[in-house]
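As the structure is a prediction and not an experimental result, all values here were calculated from the model. Below, each value reflects all heavy atoms present in this structure, side chains not excepted, and no hydrogens, waters or symmetry copies.
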Amino acid sequence: MVDYEGHSDGELVRLACRNDGAAVKAIYDRYVAYLAAVCARYLPDEDDRKDVLQESLVKIFMSLGKFTPRGEGSLKAWMIRITVNEALRFLKKNTSRNIIEYPGELPDVADEPEVDGVPDDVVNGMILSLPPGYRMVFNLYVFEHKSHKEIAAILGIGESSSASQFSRAKALLSKWIREYKRNNGYGKTLD
């Protein structure tokens, strides 16, 4: 099998569109772990993540001929956009209409979550524990760099609802992070 490790994304796409299986595998190998991580930001259930990743990859490779490279990173961005859209489609289809409610008390104003000293996997687990609506808005705003206007259009909600959900997500994350730090002795001095 041909080694395409040093080839650019544009070259790999051209070869893959000519039914070069090694180029398809090279694209897959280059991005599958990253796309799996994107799925993990939106979907707490491992089986759901695998299903969405598979659907995303099918859609990506079936549409590869329609992709036009626009410079370094454009293939990755295009693949991420498809994966995020598939995750959101899955969540909308499989989540109750009441996706934005949280039964606990939240402060009116959200502090910025102070994640210093909290392991990344713990923070990621907290994000996955957010109610689905909060998690979708938080991920779209923080990781996909969407505005509240864009999020509102994507999710079919009002722009103020998007801003409110983001604020509530931050408040909940701040609360959980403070609890984590308190329960794990963060900030205590050693004697």
Side-chain angles (χ1 to χ4, degrees), residues 1-100 119-146 150-157 162 165 169 173:
M1 186 174 276
V2 180
D3 180 15
Y4 287 126
E5 188 175 321
H7 285 64
S8 72
D9 286 348
E11 292 169 325
L12 289 175
V13 169
R14 277 191 296 284
L15 291 167
C17 288
R18 290 190 218 141
N19 296 321
D20 184 326
V24 171
K25 183 171 180 351
I27 294 169
Y28 175 89
D29 290 344
R30 189 174 285 181
Y31 293 111
V32 70
Y34 193 84
L35 298 177
V38 169
C39 289
R41 285 200 310 255
Y42 289 88
L43 304 162
D45 182 77
E46 182 67 27
D47 290 335
D48 293 344
R49 290 179 203 164
K50 288 177 182 176
D51 289 346
V52 168
L53 180 59
Q54 180 177 339
E55 286 297 318
S56 300
L57 290 168
V58 167
K59 190 168 272 189
I60 287 165
F61 287 113
M62 295 296 287
S63 305
L64 205 53
K66 298 174 187 173
F67 172 73
T68 304
R70 302 191 196 295
E72 195 62 35
S74 62
L75 178 62
K76 181 179 181 181
W78 179 73
M79 293 172 78
I80 289 168
R81 189 170 53 251
I82 289 171
T83 304
V84 167
N85 288 340
E86 286 301 307
L88 294 174
R89 187 174 293 112
F90 178 89
L91 284 168
K92 287 179 187 178
K93 179 180 166 190
N94 295 294
T95 305
S96 69
R97 282 309 287 159
N98 194 10
I99 62 173
I100 58 176
D120 288 345
D121 62 325
V122 172
V123 174
N124 289 337
M126 290 176 183
I127 293 169
L128 280 174
S129 297
L130 289 168
Y134 292 9
R135 186 174 60 246
M136 285 189 284
V137 170
F138 184 85
N139 283 323
L140 287 168
Y141 190 85
V142 172
F143 297 109
E144 310 307 329
H145 309 289
K146 300 290 185 192
E150 292 170 311
I151 294 169
I154 291 168
L155 298 180
I157 60 176
S162 174
Q165 296 311 301
L173 286 171

**Message:** Run Leu53 and Val32 through side chain to side chain contact (heavy atoms under 4.5 Å, CB included) and show every step you take.
**Reply:** CA-CA 8 Å; Leu53 180 59; Val32 70; 4.1 Å; yes
Quick check for you: to the nearest 0.5 Å, what is the distance between [X] atom [atom1] and [Y] atom [atom2]?
{"X": "Phe67", "Y": "Met79", "atom1": "CZ", "atom2": "CE", "answer": "9.5 Å"}
{"X": "Gln165", "Y": "Ile157", "atom1": "CD", "atom2": "CD1", "answer": "6.5 Å"}
{"X": "Tyr42", "Y": "Phe138", "atom1": "OH", "atom2": "CZ", "answer": "10.5 Å"}
{"X": "Lys92", "Y": "Ile154", "atom1": "NZ", "atom2": "CD1", "answer": "8.0 Å"}
{"X": "Lys66", "Y": "Leu64", "atom1": "NZ", "atom2": "CG", "answer": "11.0 Å"}
{"X": "Met136", "Y": "Ser162", "atom1": "CE", "atom2": "OG", "answer": "10.5 Å"}

Within the 4.5 Å heavy-atom criterion, are [X] and [Y] side-chain neighbours or not?
{"X": "Leu57", "Y": "Tyr31", "value": "no"}
{"X": "Ile80", "Y": "Tyr34", "value": "yes"}
{"X": "Val84", "Y": "Asn139", "value": "no"}

**Asked** Looking only at atom types and distance, does a side-chain atom of Asp48 sit under 3.5 Å from a main-chain N or O of Leu43, one as donor and one as acceptor?
**Response** no
**Request:** Would you check if the side chain of Arg135 reaches a backbone N or O of Leu130 as a donor-acceptor pair within less than 3.5 Å?
**Result:** yes
Heavy-atom closest pair, residues [X] and [Y]:
{"X": "Thr83", "Y": "Cys39", "result": "CG2-SG, 3.5 Å"}
{"X": "Gly10", "Y": "Pro69", "result": "CA-CG, 4.0 Å"}
{"X": "Ala16", "Y": "Ile27", "result": "CB-CD1, 4.0 Å"}

**Item:** Member of Arg89, Glu86, Arg81 meeting the side-chain contact (heavy atoms from CB on, under 4.5 Å) criterion with Ser56
**Value:** Glu86
**Message:** Using the rule side-chain contact (heavy atoms from CB on, under 4.5 Å), only one of Val24, Thr68, Leu75 pairs with Val13; which is it?
**Reply:** Leu75
Counting only heavy atoms not in [X], do more than 12 sit closer than 6.0 Å to its [atom1] atom?
{"X": "Glu11", "atom1": "CD", "value": "yes"}
{"X": "Phe61", "atom1": "CZ", "value": "yes"}
{"X": "Tyr141", "atom1": "OH", "value": "no"}

**Message:** I need the single residue from Arg30, Arg14, Lys76 that forms a side-chain hydrogen bond (donor to acceptor under 3.5 Å, both in side chains) with Asp9. Which is it?
**Reply:** Arg30
**Request:** In sequence, state the C-alpha distance, the side-chain angles, and the governing distance for Val123 and Ile127, and then conclude on side chain to side chain contact (heavy atoms under 4.5 Å, CB included).
**Result:** CA-CA 6 Å; Val123 174; Ile127 293 169; 4.1 Å; yes
**Request:** Apply side chain to side chain contact (heavy atoms under 4.5 Å, CB included) to Leu35 and Ile60, showing your working.
**Result:** CA-CA 11 Å; Leu35 298 177; Ile60 287 165; 4.0 Å; yes
